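These figures come from a predicted structure and were not determined experimentally. First the proteins, then the strands, lettered A, B, ... as listed; each starts at 1.
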Amino acid sequence: MKILNTMSRKKEEFVPVEEGKVKMYVCGPTVYNYIHIGNARPMIVFDTFRRYLEYKGYEVNYVSNFTDVDDKIIKRAIEENADASEISKRYIEECKKDMEGLNVRPATTHPLATEEIGGMIDMISTLIEKGYAYVSADGTVYYRTRKFAEYGKLSHKNIDDLEAGHREIKEVGEQKEDPLDFVLWKPKKDGEPFWESPWCEGRPGWHIECSVMAKKYLGDEIDIHAGGEDLIFPHHENEIAQSEAANGKTFSRYWMHNGFLNIDNRKMSKSLGNFFTVRDISEKYDLQVLRFFMLQAHYRNPLNFSAELMEAAANSLDRILTSADKLTRLLEVAPDKAMTDGEKADFASTDRFVEKFEASMDDDCNTADAITAVFELVRFINAGATADNSKEYIKALYDRLFTLCDVLGLKIEKKQETLDSEIEALIADRQAARKAKDFAKADEIRDKLLGMGIILEDTREGVKWKRA
RNA sequence: GGUGCUGUAGCCAAGUGGUAAGGCGUGGGACUGCAACUCCCUGAUCAUCGGUUCAAAUCCGUUCAGCACCUCCA
């Protein structure tokens with residue numbers, strides 16, 4: 001399996017630190033509001049990668065934090081005249097609901113920044129002892145960036161270019177030794193949450209949180225660190241500087257970054273009025289559609305979002321779900337027999353779809369390509385499977401489709417839904433009318449049901465209904 | 001200015017040296033009482049120009065267009 005490593009900018013064969021196990025850290029959201037659809041992209045793509053690693057037999061320790069102390073949260077708390085922890089708690093819960101809708105599995109651990117302050121103080125102390133950090137007069141602790149010789153190795157930036165850039169932005173009131181230095185610990189302001197520390201009452205800088213949480217839950221050297229491409233600099237660069245200086249080891253062997261999501265070809269932002277939360281989308285679509293939509297593109301490429309594209313994604317996904325539904329129906333009526341030799345050969349011929357799927361996923365998690373293998377399996381099913389096939393054969397096809405979709409995090413199980421007796425009676429009446437060739441009445445009933453939100457389809461396997 | 005990314009059929013999107021996957025949509029056909037579903041058929045020489053090569057969407061260079069990061073945005 002190959003992964004494009006941001007560090008080397010090359011596809012590298014994946015070799016975990018410990019055979020059979022993967023330690024993976026994905027930077028999570030700052031919880032000051034409902035998550036937006038841009039936040040959802042790394043959640044979806046890296047959840048999919050995790051699922052694939054598990055499919056391959058790896059034991060994955062997947063850690064994703066919630067940043068629950070931050071300027072934005074504090075700002076929101078002040079606006080609502082609430083406590084910052086109330087805000088973060090609320091949106092962590094809402095985020096988990098959205099993740100469930102997106103079928104993003106909970107991480108092995110979801111650490112909270114506010115519960116890891118002790119570890120942060122320890123790491124900052126270590127950095128000070130080793131000379132990688134210093135305390136300024138007001139108690140702010142800064143990282144001494146130039147002390148870390150490899151600074152810039154992930155983002156491939158030249159430290160002197162960076163410095164030149166910074167000089168044009170005069171930073172006022174800071175007591176840094178160097179403009180490149182960043183905050184590890186900052187003093188509290190009135191009304192802000194704070195913690196005791198050896199330097200001052202205050203709170204941690206953003207970057208130190210992830211270094212500490214990764215270390216605590218995964219160890220000094222992790223396999224994969226992932227997040228949005230905007231985090232490469234400065235966030236991940238700073239994490240490397242902190243962790244490697246403090247621990248004396250390579251922080252992460254592989255770095256994966258997803259591309260940005262644009263809206264109607266423009267960057268999503270509140271000021272442009274093209275800002276969508278996952279919750280907004282859930283009002284119109286099953287969130288599976290959003291998940292499918294994002295997996296149709298390669299995770300590293302920029303992806304454009306629009307209403308038309310969502311509609312197309314919904315139709316595409318329906319094609320898969322319809323096929324799965326057909327198998328479910330066939331399973332009910334198929335003769336309870338073992339596979340015939342012919343069926344065995346047919347089933348074996350679908351191995352090629354699984355092979356293609358795996359080859360695509362092995363190639364830097366190419367979900368867009370992997371999905372094509374699913375569609376090829378779908379066409380095979382739609383064209384070939386009938387009520388004459390044995391139950392064992394139908395079941396085998398279903399399991400195969402289920403397995404591939406499950407890696408992608410797409411649920412194909414039909415939700416167990418029951419109709420109320422009135423609707424069932426109407427469907428029965430319509431069937432009777434059709435049998436009597438009273439098509440006017442049959443159509444009338446079908447229209448009536450449509451008005452009630454029930455769509456009927458007369459398939460070879462019988463009458464099928466679905467909600468509009 | 002620095003560092004990168006992108007440009008493939010109406011739309012979306014794989015494919016990084018051997019003569020273009022897949023999906024949506026469109027049009028035609030089969031099936032169906034009709035509709036829907038499904039199946040079959042239907043489309044591009046890969047932004048531009050030039051070069052390397054027996055062979056390029058795929059490597060090198062040019063031009064054009066769009067985008068990102070370089071200020072705690074996934």
Side-chain angles (χ1 to χ4, degrees), chain A residues 6 9 11 26-30 35-46 67 70-72 152 155-158 160-166 168-169 171 182-183 186 205-207 209 226-235 237-238 257-262 265-270 275 292-293 296-298 300-304 306 308-320 322-323 325-326 356 360 363 366-376 378-379 381-385 433-434 437-440 442-443 446-447 450 455-461 464 466:
Chain A
T6 306
R9 290 177 170 166
K11 279 185 190 170
V26 180
C27 289
T30 300
I35 58 167
H36 56 68
I37 57 178
N39 289 308
R41 192 170 185 194
M43 288 179 182
I44 290 167
V45 300
F46 297 121
T67 295
D70 166 271
D71 289 341
K72 291 201 196 86
S155 51
H156 305 93
K157 290 185 187 305
N158 180 303
D160 293 312
D161 290 341
L162 282 172
E163 180 120 33
H166 272 260
E168 292 176 16
I169 304 165
E171 303 197 35
F182 57 90
V183 173
K186 61 175 134 188
W206 177 40
H207 312 299
E209 299 174 7
E229 65 180 353
D230 57 315
L231 297 182
I232 296 171
F233 189 90
H235 184 55
E237 198 70 71
N238 290 354
H257 293 97
N258 63 274
F260 251 58
L261 184 76
N262 296 316
N265 293 310
R266 307 198 63 178
K267 185 168 174 171
M268 177 167 70
S269 76
K270 285 183 176 165
F275 187 92
F292 180 81
F293 168 75
Q296 274 186 298
H298 190 99
R300 275 188 283 105
N301 289 152
L303 175 60
N304 192 41
S306 72
E308 293 73 28
L309 294 173
M310 272 299 279
E311 207 50 50
N315 290 338
S316 298
L317 179 59
D318 254 348
R319 184 172 164 76
I320 297 171
T322 302
S323 185
D325 191 43
K326 166 179 167 153
K356 179 176 179 181
S360 299
D363 182 17
N366 192 336
T367 54
D369 210 26
I371 283 173
T372 70
V374 175
F375 277 113
E376 285 169 24
V378 161
R379 181 162 45 198
I381 290 166
N382 289 341
R434 288 182 70 212
K437 307 246 184 246
D438 185 354
F439 297 120
D443 290 347
R446 184 166 60 191
D447 287 343
L450 184 60
I455 296 170
L456 290 188
E457 291 176 3
D458 303 319
T459 70
R460 271 173 301 185
E461 291 85 45
K464 208 172 121 178
K466 63 181 180 186

(message) To the closest 0.5 Å, what do you measure between CD (A/Q296) and OG1 (A/T372)?
(response) 11.0 Å

(request) Report the base-pairing partner of B/U16 (Watson-Crick or G-U wobble, both distances below 3.5 angstrom), or none. (result) none

(request) Ignoring backbone atoms, establish whether A/N315 has a side-chain N or O less than 4.0 Å from OP1 or OP2 of B/G25. (result) yes

(request) Could you check whether A/K437 gets within reach of a base, just the sugar-phosphate, or nothing at all, counting any heavy atom under 4.0 Å? (result) nothing

(message) Students often get this wrong, so: under 4.0 angstrom with heavy atoms, is A/D230 touching a base, only sugar-phosphate, or nothing?
(response) base

(message) Quick check on RNA chain B: between A/L303 and A/E457, whose nearest nucleotide comes earlier from the 5' end?
(response) A/L303

(request) Check every strand shown and say whether A/K186 touches a base, only sugar-phosphate, or nothing at a heavy-atom separation below 4.0 Å. (result) base

(request) Run the numbers on A/M43 and A/I35 for side chain to side chain contact (heavy atoms under 4.5 Å, CB included), then give the verdict. (result) CA-CA 11 Å; A/M43 288 179 182; A/I35 58 167; 3.9 Å; yes

(message) Using every non-hydrogen atom in the two residues, find where A/F260 and A/E229 come nearest and quote the distance to one decimal.
(response) N-OE2, 3.4 Å

(message) At 4.0 Å (heavy atoms only), tell me whether A/I232 reaches a base, stays on the sugar-phosphate, or touches nothing.
(response) nothing

(request) Give one of base, sugar-phosphate or nothing for A/G38, where a contact means two heavy atoms less than 4.0 Å apart. (result) base

(message) Is the phosphate of B/A74 approached by A/N39 (side-chain N or O, under 4.0 Å from OP1 or OP2)?
(response) yes

(request) Could you check which nucleotide pairs with B/A74 in any of the strands shown, counting Watson-Crick or G-U wobble with both distances under 3.5 Å? (result) none

(message) Does B/A21 have OP1 or OP2 under 4.0 Å away from a side-chain N or O of A/N366?
(response) no

(message) As an exercise, state the distance from CG of A/L450 to CG of A/D443, rounded to the nearest 0.5 Å.
(response) 11.5 Å

(request) Could you check whether A/F260 and the base of B/A68 form a stacked pair, meaning centres closer than 5.5 Å and planes differing by less than 30°? (result) no

(message) Categorize A/H257 for me: base, sugar-phosphate, or nothing, with a 4.0 angstrom heavy-atom threshold over every strand shown.
(response) nothing

(message) Checking the side chain of A/H36 only, and the main-chain atoms of A/N39 only, is there a donor and an acceptor separated by less than 3.5 Å?
(response) yes

(request) Check the distance between B/A14's C1' and A/K356's NZ and give it to me in whole angstrom. (result) 8 Å

(request) Name the closest nucleotide to the A/R379 side chain, picking from B/C39, B/C34, B/A68. (result) B/C39

(request) Side chain of A/R446 only, please: which of B/C34, B/A14, B/C24 is the nearest? (result) B/C34

(request) Give none if B/A65 has no partner; otherwise give the nucleotide forming a Watson-Crick or G-U wobble pair with it, both distances under 3.5 Å. (result) B/U6

(message) Using Watson-Crick or G-U wobble geometry with both distances under 3.5 Å, which nucleotide pairs with B/G50?
(response) B/C60

(message) Any base atoms under 4.0 Å from A/L456, or only sugar-phosphate, or nothing? Heavy atoms, all strands.
(response) base

(request) Return the stacking result for B/G33 and A/F439: yes when the ring centres lie under 5.5 Å apart and the planes under 30°, no otherwise. (result) yes

(request) Answer yes or no: is there an ion pair linking A/D458 with A/K464, defined by an N-O contact shorter than 4.0 Å? (result) no

(message) Tell me which nucleotide, if any, is Watson-Crick or G-U wobble paired with B/C39 when both distances must be under 3.5 Å.
(response) B/G29

(request) Mark yes or no for a side-chain to base donor-acceptor pair under 3.5 Å between A/R319 and B/C24, with no hydrogen or angle criteria applied. (result) no

(request) Would you mind telling me which residue lines up with the more 5' stretch of RNA chain B, A/D363 or A/A312, judged by nearest nucleotide? (result) A/D363

(message) Over all strands shown, is A/E376 touching base, sugar-phosphate only, or nothing at heavy-atom distances under 4.0 angstrom?
(response) sugar-phosphate

(request) Would you indicate, yes or no, if B/C39 has its OP1 or OP2 atom less than 4.0 angstrom from a side-chain nitrogen or oxygen of A/N382? (result) yes

(request) Spell out yes or no: do the side chain of A/D443 and the base of B/G33 have one donor N/O and one acceptor N/O closer than 3.5 Å? (result) yes

(message) Under 4.0 Å, heavy atoms only, any strand: does A/N238 hit a base, just the sugar-phosphate, or nothing?
(response) nothing

(message) Please confirm whether the shortest side-chain N or O distance from A/R9 to OP1 or OP2 of B/G4 is below 4.0 Å.
(response) yes

(message) I'd like the P distance from B/U62 over to B/G27, given in whole Å.
(response) 45 Å

(request) Keeping the roles fixed (side chain from A/K267, backbone from A/L261), state whether a donor-acceptor pair exists under 3.5 Å. (result) no

(message) With a cut-off of less than 4.0 Å, is there a side-chain N or O of A/K267 near OP1 or OP2 of B/C69?
(response) yes

